[in-house]
Amino acid sequence: MPIFRLLPVLFAVIGLVGCDAPGGGSDKQTQAGRCSQSWNGVGALALQQGWRYFVVRGKRQDRALISTVFNDNSWKTVSGWPLIFENIGVRNYKEGSTVYLRCQIDLVSRPPDNLAFVVKRVAFADEFYFNGNLVGATGSVDQDRSDIEKPRIYSLPGHLWQPGLNTFALRVRGLHPSAYVWTEPRLINELQARESVFRGEISQIIFSYVYILVAAFFLFFFVFSYRQVQNLFFALFCFNLGLYNLIRSSQRYLFFDSFELSWQVELLLLFSLPILFSEYYHRLLEIKRNVFFKILYGLYALLILVTIISGQNARHWTYLVNLNLGLLVLFATPLAISFYKHYKTHYSRLRFLLYGFMGLFPAILLDIAATMELHSLPRLTVYGFFFFLAAVSMQLSHSVLELYQQIDSQEKELRQLEKRRTRSMYNLSNKFNTIITGLKSWLQTALSDSSPSKKSAAKAGETLQQSVHALENLVRDSSLLVLLENQDYNRRNVVFAIDNLCQQSIQKALRVSGQPASRVTLDIQTAVREIQTDPDLIETIIYHLVENALLYTLGDIQIQLNYNAVSGLIFSVRDEGPGIEADKVATITQKFVRAHNERNIAGSGIGLSICELALQHLGGSLTIDSGGGFYSEFLCTIPVEAVQ
């Protein structure tokens, strides 16, 4: 059976078919050519039985086939609905032939008013005759103008009714053997018929506009806020889906005068949906498309190009739909594999998509079953797609919320960094103030009228010298920090005595901080005296760790120096100060981060940052152990070679 007969199944799969399920037929034969024995013109009448059909090759019209004279010798009985042309037993069916359907009812009362002849689905064009008079047409059976979506509702003028037998004739033009009349005709109040069509489409129309509004929201968000590309593709996906739903309703003729053009646009919108969703998916996960997706993109581009060129020709619709079905299966396979592959890694981004698919899939199955006449429940896929888009919207909203949280966190970090810089400037100002004060004191002592005592002069000179050393160290540390951060530092590799360098660094820290040497205890636990590495970085590390301990505690400081062939040089500084709070241990080595009494303790706030960068440059590591209120210990491990 040609796959074009599966068009209704395709529409159910994408959740966009809003027609009622076809009514069941019956094999019971009635009197030839009689839809009903008699009718009193009251209520609705389902014209299921008694229909007869006749096939005419080509486009010619025989007026006798639509007249009130019903000679059924050469006509065949319609055994049930749907009536599909290739299944009606006609041999050598010629493409473009016309099928006539006709039946009669016996009116036993006055002519009814406001009545309509209704057929829900016909492919492709038809004309309806009542008692030999053309009442209405959809499409054009003589010009191959088709319309397979618009419900046929033909008003029955009261003056055309006649007492006794009344003849209904339906002339249907099929562009290929899979043309059909899907549901049995009905006689029903015209207002009720149009209200029924409207009620059947209202949900589809409302949700179509909801999809378009969702698209507008995310497009607005993309253009005027954070320009995340996944928002753009999601907006395009929602817009195409909403417009597709809208075209498949009675709103089609608000936008198009020609059904063929509307069908061409409908196909283009349908074919673009997988590509837009794939782009949204890949942009959301920030992953590259593999070769299978690239090949499928090329095939879809070719399909869209062919649709643009020949999509208005109804004879090509079968092939275009078949190609799309094949591509859809091919497309779903790598997408499912990719989804499974990345689900655990990108759980927070994919879980809402999974929820959306879980809500959409049962609705698709139910609509497929309805199309196959397995049940008569309402179509649910339009609601399933709404649930799916709601889940995707929640995913995007969740991503936006995470983005706002990240931005807020970054703003907090920037504010904290600004505070640290302000405090650092405060500390630097204090240093310069100390230097200026020392210089002023020394000058006042030197220029005093009375001869200064040796003791006061020495004290002033010592204060000035201490301040100059502090400024010198600050300038050097700032330059070194820039070089290490930019990875522009030129590392030296020379042999030097580690014990002498360690003692010199400690003395330098004592001199700059103005602390007595009695506070420091140095324990050298290795026989190795000479190592080969960069002495400037080693001196910087030892100096800043010792200075840091001297500034933050008034107690004793224990320093240990060791070496072993496995770990290399091991240097530790332990003080008995206030310690470091647990929440600050992880950030204490960041620039301008300090532990306690920031305004009362000298220093620039970059010493530990330099230590960590220097250790990273040497391939070493820094471990911090602190007991709040009791002690702090900084342990450095540096892989260096000992010189024998």
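Any value given below was found using the heavy atoms of this structure, including those in side chains, with hydrogens, waters and symmetry copies removed.
Using modelled atom types, no side-chain atom of Asn548 and backbone atom of His544 make a donor-acceptor pair closer than 3.5 Å. Using a distance-only test at 3.5 Å, with no hydrogens or angles considered, no donor-acceptor pair links the side chain of Asn231 to the main chain of Phe234. A donor-acceptor pair under 3.5 Å links the side-chain atoms of Gln204 to the main chain of Asn245, judged by distance alone. The main-chain N or O of His342 is never found under 3.5 Å from a side-chain atom of Thr345 such that the two would form a donor-acceptor pair.
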Can Thr540 and Cys611 be said to form a side chain to side chain contact (heavy atoms under 4.5 Å, CB included), step by step? CA-CA 7 Å; Thr540 298; Cys611 287; 5.7 Å; no
Check against side chain to side chain contact (heavy atoms under 4.5 Å, CB included), Ile624 and Leu622: CA-CA 7 Å; Ile624 302 174; Leu622 175 64; 4.3 Å; yes
Check the pair Ser250, Glu201 against side chain to side chain donor-acceptor pair (under 3.5 Å), reporting the backbone distance first and the verdict last. CA-CA 8 Å; Ser250 59; Glu201 294 182 341; 2.7 Å; yes
Given side chain to side chain contact (heavy atoms under 4.5 Å, CB included), test Cys636 with Leu545 step by step and report yes or no. CA-CA 10 Å; Cys636 300; Leu545 290 180; 3.3 Å; yes
For Leu354 and Met358: C-alpha separation, side-chain torsions, deciding distance, then whether side chain to side chain contact (heavy atoms under 4.5 Å, CB included) applies. CA-CA 6 Å; Leu354 179 61; Met358 290 173 62; 4.0 Å; yes
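Lys341 NZ to Leu285 CG: the interatomic distance, rounded to the nearest 0.5 Å, is 11.5 Å. The CG atom of Leu320 sits 9.0 Å away from the CG atom of Asn324 when rounded to the nearest 0.5 Å. In this structure, CD1 on Ile308 lies 11.5 Å from CG on Leu267, to the nearest 0.5 angstrom. For the atom pair Gln48 CD and Trp81 CH2, the distance stands at 9.5 Å (nearest 0.5 Å). The distance from atom CG of Leu268 to atom CG of Leu305, rounded to the nearest 0.5 Å, is 10.0 Å. Distance check, rounded to the nearest 0.5 Å: CG of Leu537 to CD of Gln616 gives 12.0 Å.
Shortest non-hydrogen contact noted between Leu484 and Ala614 is CD1-N, 3.9 Å. Contact detail for Ala215 and Cys238: the closest heavy-atom pair is CB-CB, 3.7 Å. Of all heavy-atom pairs between Tyr631 and Ser626, the closest is O-OG, 3.1 Å. The minimum heavy-atom distance linking Arg199 with Ile202 is given by the pair O-CG2, 3.2 Å. In plain terms, the two heavy atoms of Arg252 and Arg248 that are nearest each other are NH2-CA, 3.9 Å. Among all heavy-atom pairs drawn from Val229 and Phe222, the shortest one is CA-CE1, 4.1 Å.
Put simply, the side chain of Leu241 does not reach to within 4.5 Å of the side chain of Ile212, judged on heavy atoms. Considering only heavy atoms from C-beta on, Ser278 comes within 4.5 Å of Phe293 through its side chain. Here the side chains of Leu261 and Gln312 are in contact, with some heavy-atom distance below 4.5 Å. Inter-residue side-chain proximity for Phe571 and Ile638 is flagged as unmet; no heavy-atom pair is nearer than 4.5 Å. When side chains are defined from C-beta on, Ile148 counts as touching Trp263, because their heavy atoms get closer than 4.5 Å. Contact annotation: the side chain of Leu328 approaches that of Pro274 to within less than 4.5 Å [non-hydrogen atoms, C-beta and beyond]. Counting only heavy atoms from C-beta outward, the side chains of His617 and Gln487 never approach each other to under 4.5 Å. A heavy-atom distance below 4.5 Å is found between the side chains of Phe124 and Trp317.
When the options Arg121, Arg152, Lys150 are evaluated for a salt bridge (charged side-chain N to carboxylate O under 4.0 Å, His left out) with Asp126, the one that passes is Arg152.
Between the side chains of Ser258 and Glu260, at least one donor-acceptor pair of N or O atoms lies under 3.5 Å. No hydrogens or angles considered: a donor-acceptor pair under 3.5 Å links the side chains of Ser338 and Tyr281. No side-chain donor-acceptor contact under 3.5 Å links Asn240 and Tyr211.
Taking a 6.0 Å sphere around CG of Asp488, one finds it holds more than 12 heavy atoms contributed by other residues, nucleotides or ligands. Residue Phe339 qualifies as enclosed at atom CZ: its count of foreign heavy atoms under 6.0 Å is above 12.
Residues satisfying the side chain to side chain contact (heavy atoms under 4.5 Å, CB included) criterion with Ile153, sequence neighbours excluded, are Ala116, Val118, Glu190, Ala193, Arg194, Val197. Residues meeting the side-chain hydrogen bond (donor to acceptor under 3.5 Å, both in side chains) test with Thr307, sequence neighbours left out: none. By the side chain to side chain contact (heavy atoms under 4.5 Å, CB included) test, Leu236 is found to be paired with Leu232, Leu276, residues two or more places apart in sequence or in another chain being considered.
Taking the six-membered ring for Trp and the full ring otherwise, Tyr347 and Tyr343 have centroids separated by under 6.0 Å. Aromatic pair Phe233/His282: centroids not less than 6.0 angstrom apart. For an aromatic pair to be called close, the ring centres must be under 6.0 Å apart, and Phe237 with Tyr280 fails this.
Between Phe388 and Phe277, the two ring planes are tilted [angle within 30° to 60°].
Cation-pi geometry between Arg289 and Tyr297 is not met at under 6.0 angstrom from the ring centre and within 45 degrees of the axis.
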